[in-house]
Amino acid sequence: MSSPSYPDDPSFDAGEESLSRRDLVARGARLGLALPAAAGLAGAIGAAPALAKKKPLKGTAVLINYGGWMGKGEVEKFEALHPGVKIKQVPSTGGLANLQRIRANPGAYDFWFADAPQAARAQLAGVVAKLDWSKIPNAKYIDKPFRRSYPWGIPTDIGKTGIAYRKDIVKEEITSWADLWDLAPKYKGQIIFYDIASTMIGSALKFLGYSGNSRDPEELKQARRKLIQIKPYLQTITNTGVGKALANGSAAIATAYDGEVVLAKQKNPNVAWVVPSEGIMAYIEGWIPVKGSDHLDIVQEFLNYHCAPKVYANFVNTVYAAYCESAASRYIKPEISKSSIIGFNQKVLKKTEWEQFKGKATPLWDRIWDEFKSA
Amino acid sequence: MLPNAAWVGLFFLAPLTLVVVYSLGQVDLLTFDIRFGWTLSNYRRIFDSLYLHTFVRSIVLSLGATLACLLVGFPVAYFISRQPPRWQRVLLVFVIVPFWASFIVRIYAVVNLLGNNGPIDRITGSLGVSGAGGHLNFLYSPGAVAVGLVYSYVPTMVLPIYVALERIEPSLLDAAADLGASARRVFWRVTLPLSRPGVIVGCIIVGIPALGEYVVPSILGGGKTLMLGNVISDQFLTVGDTPFGSAIAVTLMAAMSLLLLARRTRPLEAS
Amino acid sequence: MIVRRHLLTACISLIVLVCLWAPLVVVAINSVNKDILLASWEGFTFHWFTDAFHDEPVRSGLRSTMTIAALSSLLSLALAVSSALWWRKASPRARHVFDLFTYLRLILPEVVFALALFLLFRKIDFPLGTLAVVIGHTVWNSAYATLIIQARLAALDPALEDAAADLGATPWRVFRRVTVPGLLPAVVAAGLLAFTFSFDDVVTSLFLSGSATAPLPVVLLGKIRFRVDPEINAIGMMVMGFTIVTFALAYLVLSRLGRRQRGTIGIAAGVRE
C-alpha cells in the first residue's frame with residue numbers, strides 16, 4: 001500500500017478530488033466536532049463511498065503529546081481524509097513518566113512525543129519501533145541535519161535555550177553566561193531559570209568550557225557548584241510563564257527558548273536575546289512510534305501527512321517553535337520564518353550543542369539536579 | 001462490614017505492602033529493572049541532610065497551614081452554622097463553588113495575584129511596602145506556599161467543623177444563656193468543646209495531606225521551596241528511582257503513624 | 001441571614017469568601033484577554049472559549065472527570081455510612097484497628113499510593129482506565145467521608161433510634177426515618193468534599209487513567225507546558241459553569257423529591273428542618 005502524496009493545499013480540496021471526496025471532507029469536518037466513539041464514527045461514515053483503490057486504514061492510534069502541541073485542525077483534517085481512523089491524544093506527563101507508562105502498557109499507545117535524549121533512552125529500553133520510511137515519502141522535506149539528529153521518528157520542532165533580558169531594566173549588556181553569573185547579585189530576585197536538568201546543567205557545563213553533554217563526574221561537580229552558586233539570586237526555577245515575566249517586567253533576565261522570546265518580543269520590544277559566547281544548548285524533539293503497536297500503518301500515514309510543507313507550516317504557526325523544514329518556510333508566519341532569533345545561521349550553529357542522552361551518567365545528572373533544587 | 005474490609009484489604013493494604021517491598025529494592029536507572037535485594041540503602045540515603053531539610057520544612061509548613069486554616073475556617077464554620085438552614089446551604093455553596101473551577105487554573109490565578117506586578121504587589125507598592133526592586137517578591141517563597149496551602153484547604157477545614165457545630169441545638173445555647181452565662185462563656189464552655197470532634201477531624205484531614213502536597217509547592221514555591229510531596233513525586237516521575245521514593249514514603253508514613261498512635265484513645269469517642 | 005449577633009465571624013467570613021473568589025475573578029478576566037502571554041490586557045475576545053470548546057481532549061476530559069467524581073463520591077459515601085454504623089456497635093479493639101486503617105489511608109502521600117496501585121494493577125492485570133481511577137479515588141475519599149460521618153454519628157443521640165425501635169419500627173425503617181435524616185448534613189458535606197477532591201485530583205488520575213480518556217486536570221497540566229494561556233483560563237470557567245449547572249439541576253430534582261417525602265416523616269425522629 002503506497003501512501004498518498006499529500007497535495008500542498010491544506011484544504012485538500014484540489015481540483016482532482018472528486019465530489020464524493022468533498023462531501024466526505026465536509027461530513028468529516030462536522031462529525032469531527034461531535035463526540036462519537038471510534039466505532040460509532042466508522043459506522044456513520046460506513047455508508048460513504050470508500051476511498052480509492054488501496055485498503056482503507058482503520059482504527060484509533062493513540063498519541064501521547066503535550067496539550068496543544070499540534071497544528072490547529074490538523075488532526076480533524078487528517079481524520080476527515082481517512083474515515084474510520086482516529087488519532088487520540090493523551091496528555092504527556094513528562095519524559096520519564098511517559099516512558100514508564102509505555103513500558104508498563106505497550107499495547108495502549110502507538111506513538112509519543114519525546115526529545116532526542118528521551119528517544120535514545122527509549123530505544124535502549126526497547127520500546128521504539130522501526131519506521132518504514134518508504135511509507136513516509138514526505139520526510140524528504142525535513143532538513144537533513146535534523147533528520148540525522150532524530151533517527152527514531154519524525155522531528156517536529158527544535159529550539160535553543162539562550163538568555164533573554166529586558167534591555168530597559170538591565171543597564172548592562174549581556175553577551176555570555178559569565179555576564180549572567182556576574183550580574184546575578186545585582187538583579188537578585190529577578191532572574192528565572194528553566195526547570196530542565198538537561199538544559200541548565202548543560203549550559204553550566206558550557207559556561208565552564210566543557211561539553212554540554214559531559215559525563216565526567218569532575219566536570220559535573222563543577223557545574224553543580226556553579227548552579228548552586230547562582231541559586232540564591234533566582235526568582236524561580238520554572239518552565240511556565242517565562243515569556244510573560246519578561247514581557248511584563250516581573251523578571252529582568254531569564255533563560256528562554258527562542259520561540260518564547262519571539263512571542264515576548266512581540267509583546268514588548270525591549271526583550272533582547274543573547275546567544276551566549278561560551279555556547280548554547282539546543283534540543284530537538286518529535287514523535288516516535290511504540291514498538292509492538294498495532295497501528296503502525298496509521299502512525300506512518302499521519303507522520304507522512306504531518307510532514308507535507310503546508311501541514312507542517314500550520315503546525316509551526318500554531319505552536320510557535322523553531323522548525324525543521326525549510327521547504328515549509330514560505331507558508332510560515334514571517335515573524336517566525338524571518339526571525340533572526342529562531343533562525344539557525346552559521347555563527348549560531350557553531351556555538352550550538354544538541355542535548356543528548358547521557359547514558360550511564362543519567363543518574364548522576366538527575367542527582368545533581370535534585371541537589372540543586374533542594375539546595 | 002465485610003465488603004469494606006475486602007475493599008481496604010485489596011486496594012489499600014496490598015499496594016501498601018508493595019510499596020514497602022519496593023523500598024527495599026534497588027533500581028537500575030537505565031533499564032528500570034528492579035532488584036529486590038532487601039537492602040536498607042534507600043533508607044540510609046534519606047538521612048542525607050538534603051532530605052532531612054525538606055522533611056523539616058514540610059512539617060513546619062504543614063503545621064502552619066493547618067493552624068492558619070483553623071483560625072480562618074472556624075469562624076466561617078461557626079457563622080454558617082448559626083444561620084437559618086436555607087442560608088446555611090447558600091453559604092456552603094459559596095464556599096464550595098470556587099473549587100469547581102479546576103484547582104490548577106485557580107492556583108495559577110493565585111500566582112497572578114501574588115506575583116510582582118500583580119494587584120497585591122501594586123497595592124502594597126503604593127502603600128510603600130516593598131522589597132528588592134520595588135516589588136513585594138512574595139511569590140515563590142515559603143510564605144506563598146503557605147498561602148496556597150491555606151487557600152486549597154479552607155473548605156476541607158470548614159466542612160467538618162460546620163458539621164459538628166450544626167448539630168448543637170440552639171436551645172442548648174439558649175439554656176446556657178438563661179442560666180446566666182455571658183455570650184463569651186457560652187462559646188468557650190459549651191460551643192467550643194462540643195465542636196472538638198469536628199476540629200480534630202478538620203486538622204487531621206488538612207494537616208496530613210498537606211505534608212504530601214505536590215502541586216502547590218511546585219507552582220507557588222517556584223522550584224525553590226520543595227516539600228516532601230515534590231521529592232517523592234520527583235523520584236517516581238522524573239528520576240525513576242521507585243525504591244528510593246518508596247523508602248521516603250514509608251518513612252513519612254511511619255513518622256505520622258507514631259504521632260497518631262500517641263493520641264490513640266481520643267479522636268472519635270463521643271463526648 | 002443573621003449577621004448582627006455574630007458581627008466578628010461575619011466579617012471574617014466575608015473576607016474569606018472574597019479571598020476564595022478573588023482568583024476566580026482573575027480567571028474570568030484572563031479568559032477573555034487577547035494576549036496569549038497574559039502579560040497585560042490586550043482587549044476583549046471570546047475566541048479562547050470557542051477554541052476550548054472545540055478541543056476534543058477538553059470535552060472528553062470534562063465528561064471523564066464528572067463521571068469519575070460522581071461514581072467515587074457515591075461509592076465512598078456508601079462505604080463510609082456502612083462503616084460508621086458498624087463502628088458504633090463494634091468492640092474497642094476492632095474500632096482501633098478500623099481507625100488505624102482509616103487514618104493510614106489519609107496519611108499515605110497520594111503520589112505513593114497512586115504508584116502503588118498502578119504497580120498492583122499491573123501485576124494482577126487489572127485494566128487501567130476510568131474504573132481504576134474511581135477505585136483509587138474511593139480509597140481515600142471513603143476515608144474522608146468516614147471521618148466526617150463518624151463524627152456526626154457519634155453526636156447523634158442513640159435514644160432516638162431506640163425509641164423508634166421501641167415503638168415498633170423495623171431496623172430498616174429506623175434507619176431510613178431516624179438515622180438518615182440525622183446523618184444528612186454529614187452525608188451532604190462528605191459527598192461534596194469527596195466530589196470536589198475527585199474532581200480536582202491530578203496525581204491518582206495521572207497514574208491510573210492509562211490510555212483511557214484523561215480526566216480534565218491531567219489534560220490541563222499537559223497543556224501548561226510553557227505558559228498558562230487564556231484558553232486554559234477559559235476551560236476553568238467553562239468547567240465551573242458546567243458543574244454549577246449540573247448541581248443546580250440535581251438540587252432542584254432532589255428537593256422536589258424531598259418535598260414529597262417530607263410530609264411523611266414520623267414524630268419520633270428529631271428531624272431538624
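All chains are named by letter (A, B, ...) in the order of the sequence lines, taking the proteins before the strands, and each is independently numbered beginning at 1. Bear in mind that the values here come from a model prediction, so they are computed numbers and not experimental data.
Without hydrogens or angle criteria, C:Ser76 side chain to C:Ala145 main chain gives no donor-acceptor distance under 3.5 Å. The backbone N or O of C:Asn33 lies less than 3.5 Å from a partner atom in the side chain of C:Trp48, making a donor-acceptor pair.
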Next item on the list: Could you walk me through whether C:Ser72 and C:Asn141 pass side-chain hydrogen bond (donor to acceptor under 3.5 Å, both in side chains), step by step?
Entry: CA-CA 7 Å; C:Ser72 171; C:Asn141 265 341; 3.0 Å; yes

Checklist line | Audit row: C:Thr204, C:Asp201, side-chain contact (heavy atoms from CB on, under 4.5 Å) steps and yes/no | finding: CA-CA 7 Å; C:Thr204 311; C:Asp201 177 69; 3.2 Å; yes

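Ring centers of B:Tyr78 and B:Phe187: under 6.0 Å apart, within the cut-off. Under the 6.0 Å cut-off for aromatic ring centres, B:Phe12 and C:Trp140 do not qualify, their centroids lying 6.0 Å or more apart.
Only the side chain of B:Leu13 comes within less than 4.5 Å of a heavy atom in chain C; its backbone stays farther off. Interface remark: C:Val203 contributes side-chain atoms only to the contact with chain B (heavy atom separation under 4.5 Å). When heavy atoms are compared at a cutoff of 4.5 Å, C:Leu17 approaches chain B solely by way of its side chain, counted from C-beta outward. Of the atoms belonging to C:Val202, it is side-chain heavy atoms, and not backbone ones, that fall under 4.5 Å from chain B. In this structure, chain C has a heavy atom under 4.5 Å from the side chain of B:Tyr22, while its backbone stays farther away. Proximity to chain B is absent for every atom of C:Ala114, based on heavy atoms less than 4.5 angstrom apart. Using a 4.5 Å cut-off between heavy atoms, C:Asn30 contacts chain B through its side chain alone, with no backbone atom that close. Interface remark: C:Ile224 contributes side-chain atoms only to the contact with chain B (heavy atom separation under 4.5 Å). Interface residue B:Ala249: backbone and side-chain heavy atoms are both found under 4.5 Å from chain C. For C:Val228, the part lying near chain B is the side chain, with the backbone staying farther off; criterion is any non-hydrogen pair under 4.5 Å. Residue C:Leu75 touches chain B through its side chain alone, counting heavy-atom pairs closer than 4.5 Å. Proximity to chain B (any heavy atom under 4.5 Å) is shown, for C:Phe101, by both the backbone and the side chain. Contacts between B:Tyr214 and chain C at a heavy-atom distance below 4.5 Å involve the side chain alone, from C-beta outward. For C:Phe247, the part lying under 4.5 angstrom from a heavy atom of chain B is the side chain only. At a 4.5 Å heavy-atom cutoff, the contact between B:Trp100 and chain C is made by backbone and side-chain atoms alike. Within the 4.5 angstrom heavy-atom criterion, no atom of C:Phe242 approaches chain B. Both the backbone and the side chain of B:Phe11 come within contact range of chain C, judged by heavy atoms closer than 4.5 Å. Both the backbone and the side chain of B:Ile232 come within contact range of chain C, with heavy atoms under 4.5 Å apart. In this structure, chain B has no heavy atom under 4.5 Å from any part of C:Leu216.
Going from atom CE of C:Met237 over to atom CD1 of C:Ile29 covers 10.5 Å, rounded to the nearest 0.5 Å. Once rounded to the nearest 0.5 Å, the distance linking CG of B:Asn230 with OG of B:Ser218 reads 5.5 Å. Between atom CD of residue C:Glu231 and atom CG of residue C:Leu220 there is a gap of 9.5 Å, rounded to the nearest 0.5 Å. To the nearest 0.5 angstrom, C:Asp200 atom CG is 9.0 Å from C:Thr65 atom OG1.
For residues 131-143 of chain C, the set of pairs meeting the salt bridge (Lys or Arg N to Asp or Glu O under 4.0 Å) definition, not counting sequence neighbours, is empty.
Heavy-atom pairs under 4.5 Å with chain B peak, among C:Ile232, C:Thr196, C:Asn233, C:Leu8, at C:Thr196. If you tally non-hydrogen atom pairs under 4.5 Å between each of C:Leu85, C:Val239, C:Thr243 and chain B, the highest count goes to C:Thr243. Between chain C and the residues B:Gly229, B:Pro209, B:Gly202, B:Ser246, the most heavy-atom pairs under 4.5 angstrom are made by B:Pro209. When the candidates B:Val110, B:Thr156, B:Val93, B:Val90 are compared by the number of heavy-atom contacts under 4.5 Å with chain C, B:Thr156 comes out ahead. Top candidate by heavy-atom pairs under 4.5 Å with chain C, chosen from B:Ser233, B:Pro160, B:Gly245, is B:Ser233. The greatest number of non-hydrogen atom pairs below 4.5 Å with chain C, out of B:Ile205, B:Leu159, B:Val19, is found for B:Ile205. Across B:Pro155, B:Ala164, B:Ser102, B:Pro98, the residue that shares the most heavy-atom pairs under 4.5 angstrom with chain C is B:Pro98. Considering only heavy-atom pairs separated by less than 4.5 Å from chain B, the leading option among C:Leu192, C:Thr138, C:Leu38, C:Leu206 is C:Thr138. Of the listed residues (C:Leu117, C:Ile148, C:Val25), the one with the most heavy-atom contacts under 4.5 Å to chain B is C:Leu117.
Checked for salt-bridge contact, C:Asp229 and C:Lys223 miss the test: no charged N lies under 4.0 Å from a carboxylate O.
Side-chain atoms of C:Thr146 and C:Arg105 form no donor-acceptor pair, as typed in the model, at a separation below 3.5 Å. Between C:His137 and C:Ser205, the side chains place a donor N or O and an acceptor N or O closer than 3.5 Å (distance only, hydrogens not considered).
Applying the side-chain hydrogen bond (donor to acceptor under 3.5 Å, both in side chains) rule to B:Arg82 yields no partners; only residues at least two apart in sequence or on another chain are considered.
Seen from the ring of B:Phe99, B:Arg106 counts as a face-on cation partner, given the 6.0 Å and 45° thresholds.
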